[in-house]
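Positions are given from 1, in the same order as the sequence printed here.
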Amino acid sequence: MEKVKKPFMVELPRIYDPRGNLTFIQNGDQELSFTIERVFWTYDVPAGEVRGGHAHKEGGELLIATSGSFKVNLFDGRSWQHFVLNRPYQALYIPPGYWRTMDDFSSGSVCMVLASNKYSESDYIRDMDIFLKTYGVED
């Protein structure tokens with residue numbers, strides 16, 4: 001299966017205000033290459049824990065560190081890429097077909113995810129061997 005897109009960082013709009021800054025994203029914005037169908041977030045991740053451990057067949061996601069920081073590790077079946085998310089005005093777009101894990105969560109970190117599709121267990125690949133047979137280099 002061929003990947004159409006690659007992961008990329010997105011700079012979100014920032015409105016500066018002495019009372020506190022504001023960042024937003026909405027359907028139809030250039031920064032968002034899909035319509036938001038689902039939003040979820042992870043928080044209170046214990047020290048040393050790893051989240052993710054799966055890939056999506058169809059769904060794309062935009063990850064934002066709304067608080068704190070964490071590392072996103074992406075695998076395309078051949079090589080790994082690593083991204084540190086630590087600014088609420090920066091996001092990482094992950095297209096379908098990338099295995100992802102997230103680790104190194106700082107205390108109080110929140111990972112908000114904007115997803116291109118509603119939850120469906122059938123969209124997930126949770127087994128690395130199946131992922132490699134689908135997207136990786138076969139021996």
Side-chain angles (χ1 to χ4, degrees):
M1 195 171 275
E2 185 177 336
K3 290 180 182 45
V4 178
K5 293 186 176 183
K6 294 184 182 268
F8 58 89
M9 293 296 296
V10 176
E11 191 83 9
L12 300 172
R14 289 186 283 173
I15 299 173
Y16 298 97
D17 188 303
R19 301 168 297 161
N21 300 323
L22 181 137
T23 291
F24 63 92
I25 192 162
Q26 54 196 5
N27 283 326
D29 282 354
Q30 284 182 303
E31 296 87 1
L32 192 62
S33 60
F34 58 83
T35 300
I36 301 166
E37 291 291 331
R38 178 173 53 124
V39 177
F40 63 94
W41 48 97
T42 58
Y43 54 95
D44 293 341
V45 178
E49 286 297 322
V50 177
R51 297 287 312 197
H54 64 270
H56 290 282
K57 298 173 192 172
E58 301 292 329
E61 295 181 336
L62 194 69
L63 279 63
I64 305 166
T66 57
S67 180
S69 65
F70 52 90
K71 186 170 69 173
V72 180
N73 311 291
L74 300 178
F75 184 57
D76 66 2
R78 292 172 180 81
S79 63
W80 286 92
Q81 290 180 274
H82 307 281
F83 300 86
V84 174
L85 296 181
N86 59 5
R87 302 278 189 263
Y89 54 85
Q90 294 176 332
L92 173 63
Y93 174 69
I94 306 174
Y98 283 82
W99 188 269
R100 83 278 320 270
T101 63
M102 294 158 315
D103 58 20
D104 291 338
F105 287 86
S106 68
S107 178
S109 63
V110 177
C111 172
M112 183 171 67
V113 180
L114 310 178
S116 67
N117 58 355
K118 294 181 179 172
Y119 175 80
S120 172
E121 184 60 32
S122 64
D123 185 47
Y124 285 75
I125 300 174
R126 298 186 187 274
D127 182 289
M128 179 61 89
D129 290 335
I130 294 171
F131 173 78
L132 289 173
K133 286 177 185 169
T134 305
Y135 296 103
V137 178
E138 294 191 33
D139 294 331

When every non-hydrogen atom of Leu12 is compared with those of Ala91, the smallest separation belongs to CD1-CB, 4.2 Å

Applying side-chain contact (heavy atoms from CB on, under 4.5 Å) to Phe83 and Lys71, what does each step give before you reach the verdict? CA-CA 6 Å; Phe83 300 86; Lys71 186 170 69 173; over 6 Å; no

Spacing of Arg51 atom CZ and Cys111 atom SG [to the nearest 0.5 Å]: 9.0 Å

Verify, without hydrogens or angle tests, whether Lys57 (side chain) and Ile125 (backbone) share a donor-acceptor contact under 3.5 angstrom. no

Keeping the roles fixed (side chain from Arg100, backbone from Tyr98), state whether a donor-acceptor pair exists under 3.5 Å. yes

State whether the side chain of Ser109 and the backbone N or O of Gly68 hold a donor-acceptor pair below 3.5 Å, judged by distance alone. no

Any side-chain to backbone donor/acceptor pair from Ser106 onto Ser69? Under 3.5 Å, distance only. yes

Hydrophobic cluster identity match, Ile130 and Phe75, side-chain contacts under 4.5 Å: yes

Separation between CD of Glu11 and CD of Gln90, rounded to the nearest 0.5 Å: 5.0 Å

Heavy atoms only: give me the nearest Pro7-Leu92 pair and the separation to one decimal. CB-CD1, 4.4 Å

Output side-chain donor-acceptor pairs under 3.5 Å for residues 32-50, partner residues at least two apart or in another chain, one line each.
residue: Arg38; atom: NE; partner: Asn117; partner atom: O; Å: 3.3

Report the relative orientation of the aromatic rings in Tyr93 and Phe8; use parallel for angles under 30°, tilted for 30 to 60°, perpendicular for over 60°. tilted

Does the pair Arg19/Asp17 count as a salt bridge with the N-to-O cut at 4.0 Å? yes

Only one of Val84, Leu63, Asp104 forms a side chain to side chain contact (heavy atoms under 4.5 Å, CB included) with Val72, so which one is it? Leu63

Roughly how far apart are Leu74 CG and Trp99 CH2, rounded to 0.5 Å? 12.5 Å

Angle class for the Tyr135/Phe131 ring planes (parallel below 30°, perpendicular above 60°, tilted otherwise)? tilted

How long is the straight-line distance from CG of Leu114 back to CD of Gln26, given to the nearest 0.5 Å? 12.0 Å

Is there a continuous path of hydrophobic side-chain contacts, each under 4.5 Å between heavy atoms, that joins Leu85 to Tyr89? no

How long is the straight-line distance from CZ of Arg87 back to OG1 of Thr23, given to the nearest 0.5 Å? 12.0 Å

Side chains of Val113 and Glu61, heavy atoms from C-beta outward: is any pair under 4.5 Å? yes

Are Met9 and Met102 connected into the same hydrophobic cluster when the rule is that any two of I, L, V, M, F, W, Y join if their side-chain heavy atoms are below 4.5 Å apart? yes

Spacing of Leu22 atom CG and Tyr16 atom OH [to the nearest 0.5 Å]: 12.0 Å

Within a radius of less than 6.0 Å around CD of Gln81, do more than 12 heavy atoms belonging to other residues, nucleotides or ligands occur? yes

